[in-house]
Asks: 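A single structure is presented below for examination.
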Protein chains: 2
Amino acid sequence: MADVTVTPLPNRSAPAQAEVNAHSEPSWDLIELLFFAYRDFVSDPDDVLAKFGFGRAHHRVLHFVNRHPGIKVADLLDVLKITKQSLGRVLKQLVDQGYVVQKEGENDRRQRLLYVTPKGEQLAMKLAGLQTARIAGALAELGPGAHEAARRFLVAMIDADGRDGVQRLIARADRARRPRS
Amino acid sequence: MADVTVTPLPNRSAPAQAEVNAHSEPSWDLIELLFFAYRDFVSDPDDVLAKFGFGRAHHRVLHFVNRHPGIKVADLLDVLKITKQSLGRVLKQLVDQGYVVQKEGENDRRQRLLYVTPKGEQLAMKLAGLQTARIAGALAELGPGAHEAARRFLVAMIDADGRDGVQRLIARADRARRPRS
DNA sequence: ACAGTTACGTCAGCCATATTGACATATTTC
DNA sequence: GAAATATGTCAATATGGCTGACGTAACTGT
């Protein structure tokens with residue numbers, strides 16, 4: 001595919017964009033900015049986690065357990081899109097070291113519902129704080145409405161069929177962590 | 001590295017709570033949306049790459065060599081922030097299989113300047129096309145100005161000290177790939 | 001009540017990608 | 001000519017994915 005045709009496209013940093021599609025010039029700027037932004041975004045937590053002997057995998061598990069107290073193992077697997085074997089390794093470490101606890105489900109005693117301990121919550125919140133600081137710094141540089149613009153862009157970047165699920169997940173988590181508000 | 005000191009923070013959630021480093025409620029929505037959006041963003045190329053026996057590492061190398069014809073190995077290492085040993089493995093595969101070629105530097109014959117072959121360019125453009133399609137689809141759902149808003153947000157998310165370098169990199173690449181415009 | 005399904009765990013092995021550290025080889029620079 | 005630079009390579013190690021197979025407890029439906 002793709003003759004790399006030289007389309008002049010005087011797309012300076014001005015507003016009013018070109019309608020880009022697969023046949024036209026790639027969106028080099030956003031492709032690369034996503035790469036760099038995401039790399040830096042995860043680097044802050046990485047540094048802290050390294051001191052605990054943890055990695056990114058632990059972060060993701062801890063994060064979603066913190067956000068979804070009582071989440072089922074199966075649901076966590078679904079969110080992370082990894083196998084139970086992969087999850088098992090990091091989850092075991094988090095449990096053994098007292099960051100996460102497992103409780104039997106009340107209705108269904110096969111389930112191992114996951115909760116963060118106070119120690120786990122502390123770490124999770126610390127990591128979230130780092131990422132929030134970066135986000136807040138970025139949004140502060142931009143005008144009001146930047147938060148909403150970023151949110152809408154990111155939502156639109158998610159697979160169409162997973163989009164609603166993700167948004168429901170986020171909304172549900174907001175309620176879960178704020179039981180009596 | 002920041003004592004995690006208490007910071008009272010009248011937290012209406014359950015027991016013994018939350019010390020956010022960033023003295024405010026975490027930006028849960030953007031934190032999670034970045035995770036999901038980026039995961040889907042890289043999944044399209046991943047699927048194609050798998051058919052070639054390549055992975056994400058190959059994609060990154062191919063991408064930046066394509067964008068920066070004649071890039072020095074040292075500069076590529078700097079952009080990717082990996083070690084030369086890590087680069088060496090994937091680069092060797094790309095060279096052996098005819099996606100990338102190395103040429104001696106004219107001024108400095110120690111350098112091995114990197115270029116994509118036509119075959120390499122074709123693959124790089126195919127992958128960029130997939131990511132561009134996703135981006136274009138997202139931007140099309142949002143109003144005009146969404147591209148610029150996304151660009152500014154992502155730039156602001158990059159480490160302050162790397163930001164200028166990244167933007168110069170992108171601008172330079174735009175010129176490099178468009179020699180006779 | 002029993003068969004089948006579900007939720008979860010675990011053992012074993014493989015692969016990709018990253019790391020550190022040491023060393024080798026040209027080549028350029030001072 | 002010595003030192004610094006650009007690159008390559010060998011070896012060992014860690015992390016975090018994967019597949020496949022198997023096990024066990026608990027729920028579900030006829």
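We name chains A, B, ... by the order of the sequence lines, and we start the count at 1 in each one.
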Asks: Does I158(A) offer a backbone N or O that forms a donor-acceptor pair with the side chain of R163(A) under 3.5 Å?
Replies: yes

Asks: Please determine whether a side-chain nitrogen or oxygen atom of H58(B) lies at a distance below 4.0 Å from atom OP1 or OP2 of dA16(C).
Replies: no

Asks: For the atom pair OG1 (T132(A)) and CH2 (W28(B)), what is the distance rounded to the nearest 0.5 Å?
Replies: 7.0 Å

Asks: Starting from P on dA6(D), measure out to CG on L76(B) and report it in whole angstrom.
Replies: 15 Å

Asks: Grab the CG-P distance between L77(A) and dT10(C) for me, whole Å please.
Replies: 13 Å

Asks: Contacts to DNA chain C from residues 89-112 of chain B, heavy-atom cutoff under 4.0 Å, which residues?
Replies: R89(B), N107(B), D108(B), R109(B), R110(B)

Asks: I'd like to check L77(A) versus T83(A) (side-chain heavy atoms, cut-off strictly below 4.5 Å). Are they in contact?
Replies: no

Asks: Would you say that F64(B) contacts E32(A) through its side chain, given a criterion of any heavy-atom pair below 4.5 Å between the two side chains?
Replies: yes

Asks: Would you say the side-chain atoms of T117(A) pair up with the backbone N or O of G120(A), donor to acceptor, closer than 3.5 Å?
Replies: yes

Asks: Could you tell me how far apart I82(B) (CD1) and dT7(D) (P) are, to the nearest whole angstrom?
Replies: 14 Å

Asks: Could you check whether the rings of F54(A) and Y99(A) sit parallel, tilted or perpendicular, using 30° and 60° as the cut-offs?
Replies: perpendicular

Asks: Return the value, rounded to whole Å, for the distance between atom CG of D78(B) and atom P of dT7(D).
Replies: 12 Å

Asks: Check the surroundings of atom NZ in K119(B): do more than 12 heavy atoms from other residues, nucleotides or ligands lie under 6.0 Å from it?
Replies: yes

Asks: What does G55(B) touch in the nucleic acid at a heavy-atom separation under 4.0 angstrom: a base, only the sugar-phosphate, or nothing?
Replies: sugar-phosphate

Asks: Which whole-number value in Å describes the distance from D46(A) CG to dT19(C) P?
Replies: 12 Å

Asks: Run the salt bridge (charged side-chain N to carboxylate O under 4.0 Å, His left out) test on R134(B) and D159(A) for me, step by step, so that the C-alpha distance in whole Å, both residues' side-chain angles and the decisive distance to 0.1 Å come before the verdict.
Replies: CA-CA 9 Å; R134(B) 179 180 292 269; D159(A) 278 350; 2.6 Å; yes

Asks: Starting at atom CG of L114(B), determine the distance to atom C1' of dG8(D), rounded to an integer number of angstrom.
Replies: 13 Å

Asks: When you look at CD of E106(B), are more than 12 heavy atoms from neighbouring residues, nucleotides or ligands closer to it than 6.0 Å?
Replies: no

Asks: Atom pairs under 3.5 Å, N or O on each side, protein against nucleotides 19-23 of chain D: can you list them with distances?
Replies:
unit_1: dG20(D); atom_1: O6; unit_2: Q85(A); atom_2: NE2; d: 2.8

Asks: Rounded to whole Å, how long is the line connecting atom CZ of F52(B) with atom C1' of dC15(C)?
Replies: 20 Å

Asks: dC15(C) phosphate, OP1 or OP2: any side-chain N/O from R56(B) under 4.0 angstrom?
Replies: no

